[in-house]
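I have placed the structure first, in the form of structure tokens, so that the comments after it can refer back to it.
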Amino acid sequence: MQRKTYAVIDGNILTNNIQEIKKKYPDYTYYFGVVKNNAYHHGMKCVVDLIKGGINYLAVSSLEEALAARKYAGETPILCLEPISLELVMDAINANITLTVESLEYTKELLKLDLYDTLKIHLAVDSGMRRLGFYDAKKLEEAYQLLKESSKIEIEGIYSHFATSGVMDPYFDQQVNCFLKLTENIPLEDIPIVHLGRSLTLVNHEKLSFCNGIRLGIVMYGFSQSRKDGKSLQGKMRVLKRKWLQRKYKCSKTILENDLQVSPAMSLYTEVISVRPVHKGDVVGYTTYKVDSDGYILTLPIGYADGVDRRFKYVYVNEGYAKIVSDCMDMLLVFTENKVQIGEKVEIFGKHIPISNVTRLIGTNAYHLFNQISNRVLRIHIKDEEKEEIYY
Ligand SMILES: Cc1ncc(COP(=O)(O)O)c(C=O)c1O
């Protein structure tokens, strides 16, 4: 590692997170670990930790991701959430990848293939996201019947995806009802795996009785999504609004607070590569900042090309917080009153700067934050005594 800018991914935390989730929500048979985009940018090696914790199915976006996950997944089944090109179906069968079938047209094309081995598929149903999936009950029924007649295709699952968090939000109930209506003409109870929910569904809602699977993303990576209203005026207003919505739409019960003990597995570090004295009145960087007292500028080899910019506001260095005063594509400039040595470790987020603070400062959420930490940033995967550098 030449450029000492790196994200540490703690595999033990991931394993513990899954164990904790399964302890608190033990009623599912299938716990899907969503590891798309390199496990939310934590690196595919995490698959091993997630399976160790109890994940027994994986979900990814594309066949490329499925093949990358397969290297770490052993025999654990992997579902590809986007439909794949028909000429690649054999590759999916060879790697034991389960495919998504999301339209009658795709079904008919699939059935024209001369499959030499069994292909497992899950039917996707569009209950309101308007992204992928069957949205017509008749077409779904026809596809189901056609697929059922094939000796080479096994309908292993059926799923849908929620568009909203469903917190006192009638759209959640509408989507559940829409799913049940669309699947009215097919025997849901004959399909081995039914999975609708994602992390927020797990923590905000009671288990849907007809589902035996749940797809876990952000919660596995350490975000319990527990919310407290607090005693502030805003908090009280939120409570009132929810009560009003509850009465108006008769929304199903939502659970806001949970005591799920999960922790973020990713932390981000860099180091000081240059230190220079500055005096009150000096301008710094692209003349974006005027120094208002004497001190030092620390140069850090991390910038907006890595996903970090001055909106992050401060870093933790030398046992204290220091202000980010300017940003560039590859570097940040930080002001400190006390001198810091070249080579000093700097935390961007982690133990001293929680991810939730950063997301609040930059006005985003953990999904976006993880995805914006670019591939140029080395991932160091740690597990017990093992440490592995992962380059994309
Ligand atoms: C189809 C599908 N299921 C599950 C997930 C996981 O969502 P979450 O991270 O909110 O649990 C995603 C994430 O984008 C998804 O697209």
Side-chain angles (χ1 to χ4, degrees), residues 9-40 42-60 66 69-70 72-79 81 96 98 120 122 156-162 165-167 172 176 191-227 252-266 355-356 366-367 370 381-384:
I9 316 299
D10 189 327
N12 292 318
I13 291 184
L14 290 170
T15 302
N16 290 343
N17 286 351
I18 302 300
Q19 286 167 343
E20 170 72 10
I21 293 166
K22 290 188 75 168
K23 198 166 81 195
K24 289 267 155 59
Y25 303 97
D27 297 333
Y28 293 90
T29 311
Y30 297 95
Y31 293 84
F32 288 74
V34 180
V35 291
K36 57 190 187 176
N37 194 26
N38 259 319
Y40 286 35
H42 288 59
M44 267 311 178
K45 196 173 159 70
C46 295
V47 159
V48 177
D49 313 314
L50 299 172
I51 292 172
K52 189 168 176 212
I55 286 295
N56 54 10
Y57 219 120
L58 293 161
V60 292
R70 176 55 74 218
Y72 297 103
E75 300 291 302
T76 302
I78 302 173
L79 169 66
L81 294 164
N96 188 21
T98 309
K120 278 190 293 177
H122 287 206
E156 186 200 50
I158 187 162
Y159 71 98
S160 193
H161 190 52
F162 288 111
S165 65
V167 176
F172 172 82
V176 173
I191 301 181
I193 313 178
V194 183
H195 49 114
L196 266 63
R198 56 187 171 107
S199 301
L200 282 164
T201 330
L202 176 82
V203 296
N204 287 339
H205 292 275
E206 288 179 330
K207 182 178 169 294
L208 294 166
S209 60
F210 57 90
C211 287
N212 59 354
I214 184 91
R215 295 185 307 277
L216 306 175
I218 202 73
V219 69
M220 299 191 302
Y221 301 104
F223 295 84
S224 73
Q225 313 281 359
S226 184
R227 296 175 211 202
S252 60
K253 182 178 169 193
T254 53
I255 305 145
L256 283 180
E257 271 184 60
N258 64 65
D259 60 350
L260 198 55
Q261 299 300 315
V262 291
S263 322
M266 187 194 283
I355 289 178
S356 52
Y367 298 86
F370 289 145
H381 187 103
I382 56 168
K383 178 90 180 175
D384 305 326

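Any value given below was found using the heavy atoms of this structure, including those in side chains, with hydrogens, waters and symmetry copies removed. Positions are given from 1, in the same order as the sequence printed here.
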Nearest 0.5 Å please: distance from the [atom1] atom of [X] over to the [atom2] atom of [Y].
{"X": "Thr29", "Y": "Asn212", "atom1": "OG1", "atom2": "CG", "answer": "4.5 Å"}
{"X": "Met44", "Y": "Leu50", "atom1": "CE", "atom2": "CG", "answer": "10.0 Å"}
{"X": "Thr15", "Y": "Met220", "atom1": "OG1", "atom2": "CE", "answer": "11.0 Å"}
{"X": "Tyr72", "Y": "Lys45", "atom1": "OH", "atom2": "NZ", "answer": "6.0 Å"}
{"X": "Phe370", "Y": "His42", "atom1": "CZ", "atom2": "NE2", "answer": "4.0 Å"}
{"X": "Thr76", "Y": "Ile51", "atom1": "OG1", "atom2": "CD1", "answer": "3.5 Å"}

Side-chain contact test, heavy atoms from C-beta onward, threshold under 4.5 Å: evaluate it for [X] versus [Y] and give yes or no.
{"X": "Leu196", "Y": "Val194", "answer": "yes"}
{"X": "Leu260", "Y": "Ile21", "answer": "yes"}
{"X": "Phe223", "Y": "Pro264", "answer": "yes"}
{"X": "Leu216", "Y": "Leu202", "answer": "yes"}
{"X": "Cys46", "Y": "Ile9", "answer": "yes"}
{"X": "Arg70", "Y": "Ile78", "answer": "yes"}
{"X": "Phe162", "Y": "Leu200", "answer": "no"}
{"X": "Asn258", "Y": "Lys24", "answer": "no"}

Item to check | Lys NZ or Arg CZ of Lys207 over Tyr28 ring: under 6.0 Å, within 45° | outcome: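 That pair qualifies as a cation-pi contact.
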Checklist entry - How would you list, by chain and number, every residue that makes a salt bridge (charged side-chain N to carboxylate O under 4.0 Å, His left out) with Asp384, sequence neighbours excluded? => result none
Next on the checklist: Working note: Val47 + Leu58, criterion side chain to side chain contact (heavy atoms under 4.5 Å, CB included); need CA distance, chi angles, decisive distance, verdict.
Outcome noted: CA-CA 8 Å; Val47 159; Leu58 293 161; 3.7 Å; yes
Item to check | Partners meeting ring-ring contact (aromatic ring centres under 6.0 Å, His included) with Phe32 (sequence neighbours left out) | outcome: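 ring-ring contact (aromatic ring centres under 6.0 Å, His included) list for Phe32, sorted by chain: Tyr57, His195.
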Please answer whether the main-chain N or O of [Y] pairs with a side-chain N or O of [X] as donor and acceptor at a distance below 3.5 Å.
{"X": "Asn17", "Y": "Val262", "result": "no"}
{"X": "Asn204", "Y": "Thr254", "result": "no"}
{"X": "Arg215", "Y": "Gly33", "result": "no"}
{"X": "Glu75", "Y": "Ala73", "result": "no"}
{"X": "Lys253", "Y": "Glu206", "result": "no"}

Checklist entry - Is Glu257 salt-bridged to Arg227, cutoff N-O under 4.0 Å? => result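 No salt bridge links Glu257 with Arg227.
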Checklist entry - Between Asp10 and Lys383, does at least one N-O distance fall below 4.0 Å, as a salt bridge requires? => result no
Do you know which two heavy atoms are closest between [X] and [Y], and how far apart they sit?
{"X": "Ile13", "Y": "Ser263", "answer": "CG2-O, 3.1 Å"}
{"X": "Gly43", "Y": "Ala39", "answer": "O-CB, 3.5 Å"}
{"X": "Lys120", "Y": "Pro77", "answer": "NZ-CB, 4.1 Å"}
{"X": "Ile214", "Y": "Arg198", "answer": "CD1-O, 3.9 Å"}

Item to check | Lys22 and Ile18: CA distance, side-chain angles, deciding distance, side chain to side chain contact (heavy atoms under 4.5 Å, CB included) verdict | outcome: CA-CA 6 Å; Lys22 290 188 75 168; Ile18 302 300; 4.2 Å; yes
Next on the checklist: Could you walk me through whether Ile255 and His205 satisfy the side chain to side chain contact (heavy atoms under 4.5 Å, CB included) test, starting with their C-alpha distance in whole Å, then the side-chain angles of each, then the deciding distance to 0.1 Å, before giving a yes or no?
Outcome noted: CA-CA 6 Å; Ile255 305 145; His205 292 275; 5.8 Å; no
Checklist entry - Does the gap between the ring centers of Tyr40 and Tyr221 come in under 6.0 Å? => result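 Ring-ring flag for Tyr40/Tyr221: true, centres closer than 6.0 Å.
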